[in-house]
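Since the structure is predicted, the reported quantities are computational estimates derived from the model, not experimental observations. Scope of the values below: all heavy atoms of this structure, side chains included, with no hydrogens, waters or symmetry mates. Throughout, residue positions are numbered sequentially from 1 according to the sequence presented.
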Amino acid sequence: MNPIRKVLALFGLASGLSGASAPVRQAQAPSGPSLEAGSYRGSIKNYHPARVLGREHRAWERTLGLARVEDLYANDGIARSGVNSIATNVIGAGLRPQSVIAYKMLGLPREAVRDLQERMEWLWEEWCHEAHYREQMHFVDLQMLGLRSLIRAGEVLHMPVMEERPGCRFALRIQDILPSRLRTPWDMQHNPLIHDGVEVSGTGVPVAYWIADPEPSAVVLDEASFGSASFRRVPAHVGHRRGIFHIFRPGREEEFRGVSCLAAALKFFRHLNDAIDYELMAQVLAASFPVFIALEGGATYQPPGLNEEAGGDGEKVYYQNLEFGQIMYGNKGEKPEVLESKRPSQNFLSFCDLILRITASSLEIPYEELTKDFSKTTYSSEGEAVKTYSVDFKRPASHNVVLSGDAFWTSPASSLILSVESAGALIQEDTGGLAPTDLILGKNCLMPFLRHQDVKDNLDNRRVEIGQMSPRVLAKLKGVWNGLNIWYDASSYVDVEGESKYYLDPNCALLLARDAESVIEYGLPVDIKCQGPTAIFSKSFEQDDPSGVFTIAESRPLPVTRHVGWTVKIRALAA
């Protein structure tokens, strides 16, 4: 036998050898544990989830749910706050594209491409003012409106329209459409290829959208009563363009319509709203309770201004009307019964807090952001609501990069692109993928940077205006390079020892990710009566001269960046 085969046989590794184990037959499944979730026993034995079997039933439920959510958004401040918080955090001042042309790949000169990019961005900005079909909104407002619709209704319905208008350069406009207009006409309910207003192919690809488009009428009718004659069939694509933008986030496979993220917590919103209404009414009733006062001398000693009525037993009843309630005076010997309200109950605030936390969870936002209540929020407690972070005011040691030798920016052999990209990789690793956005140059770094071969031909300093910056700040922006805003800062400060120091080391550059999350951390106010860190600590005291009661409040806020690795400090020049 081959020596190698003998060795393999010793360990049973040679196939076909005598003594080797045969495989086990596994076609017969062995016994296993029973899944309680799929059985009729225990506390969930009577749990029979309802299932939607038909398209019509699914469309009816979605329509009713949308109507309830719309009512909630219109009348419930907490629901509106949740929707607006998400929209504001995502859109902010508006999402603006940047024109970038691969001029090397196209074989075009850099200068010509730069002029073209600038022209494209100016044309985009001009179109943004003409984008809305009804000429009421800027394109940024359309973005905000669309995201609110995506959160509130579960979908966005915007239609591009080509329409020439006097004084306008562009014909393309965007018409915002209520998602409730997208539905199946009543006389086409049995068409198997129309799913809740979305007409699909045999394999489920959307080919057209049925939008309610009735003639103007003084009689207001629900869209469900319209036939196909009152609908417009909008193709999904017109040539190479989209005929309509129908945007939603599917919650499961094979869905054609979106569902509001408020739907899962709708009943909690409603119950909370009802509970607060009932408690408020109870407080109003409690404030209107009458007060009984017994007169020791009976009716003989009546205060002036009393009203008199005869009681059921012939005795007279005396009372006095006040603006908010009533004071009644009883006869001699009558004992008043103290009427008081014990509402709200002791667990009412805990109940409200629980419901609000459930609704915040369904919207996937922090509880504090939903309620706008930061009175009890500290950095650590808010971190538990979203994610636990370690608070550290110093950047990681690995984010202090010290160059040497030919890597210094003054060396002709150095590579600025490699240096900055390596530092950017550190930021992405420590911030969960945030890309660097800005590079701040110290006092001595500006000229070596501008003279470097990697920068000479690629620094774009023709348009350095950003938003509504003040001229003082704008003067520090030197241009855009490698996708980064390039800043120059040589400002200084005087420390407690009276020494003048630079905010940024003159021989260093600071790479940072502007999108890193920040919060406000509250420290411990300097007061012996304050038990711990709080947003605001207040107390009152009396004083004889000048006489009065005074209230003082103290707070020690400090902005904190959650991502401690959001910056990289590069020592780019020799000391």
Side-chain angles (χ1 to χ4, degrees), residues 49-67 69-70 90-91 95 97 127 131-133 139 142-143 145-163 170-214 222-264 364:
R51 302 288 295 177
V52 178
L53 301 178
R55 293 174 302 141
E56 296 81 3
H57 192 188
R58 183 179 291 107
W60 179 81
E61 283 192 348
R62 192 198 58 78
T63 303
L64 178 58
L66 176 59
V69 169
E70 292 280 2
V90 174
I91 300 299
L95 305 178
W127 177 79
H132 190 219
Y133 180 77
F139 185 65
L142 270 172
Q143 294 177 31
L145 183 69
L147 188 56
R148 283 200 184 101
S149 177
L150 185 63
I151 302 166
R152 186 187 66 252
E155 54 191 355
V156 183
L157 204 60
H158 285 179
M159 187 167 67
V161 178
M162 301 297 290
E163 184 174 293
F170 304 98
L172 175 63
R173 296 174 181 272
I174 304 297
Q175 184 180 24
D176 52 297
I177 300 174
L178 279 172
S180 59
R181 285 182 177 268
L182 177 59
R183 60 191 310 143
T184 304
W186 68 263
D187 56 346
M188 303 185 72
Q189 293 290 334
H190 299 293
N191 188 329
L193 296 181
I194 300 182
H195 295 260
D196 203 359
V198 181
E199 184 179 337
V200 300
S201 66
T203 55
V205 179
V207 296
Y209 295 83
W210 289 82
I211 309 294
D213 184 29
D222 185 78
E223 289 87 349
S225 61
F226 294 139
S228 55
S230 298
F231 276 75
R232 180 180 172 188
R233 183 181 183 274
V234 180
H237 290 86
V238 180
H240 66 282
R241 294 189 301 104
R242 283 190 172 272
I244 194 166
F245 295 103
H246 181 220
I247 304 168
F248 66 98
R249 191 175 183 180
R252 56 194 294 268
E253 295 78 4
E254 302 183 31
E255 287 190 342
F256 298 101
R257 296 294 300 269
V259 177
S260 171
C261 61
L262 292 172
E364 299 183 21

**Message:** Surrounding CZ of R233 (heavy atoms of other residues, nucleotides or ligands, distance under 6.0 Å), is the total greater than 12?
**Reply:** yes
**Message:** Within the supplied structure, the quantity of interest is the number of heavy atoms (other residues, nucleotides, ligands) at a distance under 6.0 Å from R55 CZ; does it exceed 12?
**Reply:** yes
Rounded at 0.5 Å granularity, tell me how far [atom1] in [X] sits from [atom2] in [Y].
X	Y	atom1	atom2	answer
Y133	L142	OH	CG	14.0 Å
D196	W210	CG	CH2	14.5 Å
D176	M159	CG	CE	10.5 Å
R181	R232	CZ	CZ	11.5 Å
I151	L262	CD1	CG	8.5 Å
I211	Q175	CD1	CD	9.5 Å

**Asked** Closest heavy-atom contact between Q143 and L95?
**Response** OE1-N, 2.8 Å
**Item:** Distance-minimising heavy-atom pair for E61 and V52
**Value:** OE1-CG2, 3.3 Å
In the structure I gave you, are the side-chain heavy atoms of [X] and [Y] within less than 4.5 Å of one another anywhere?
X	Y	result
L66	S260	no
F231	D213	no
P235	R241	no

**Asked** Which residues pass the side chain to side chain donor-acceptor pair (under 3.5 Å) test with R148, sequence neighbours left out?
**Response** N84
**Asked** Got a sec, which residues hit side chain to side chain donor-acceptor pair (under 3.5 Å) with E155, two or more places apart in sequence or on another chain?
**Response** H246, R257
**ring-ring contact (aromatic ring centres under 6.0 Å, His included) contacts touching residues 176-196 (sequence neighbours left out)** = H195-F256
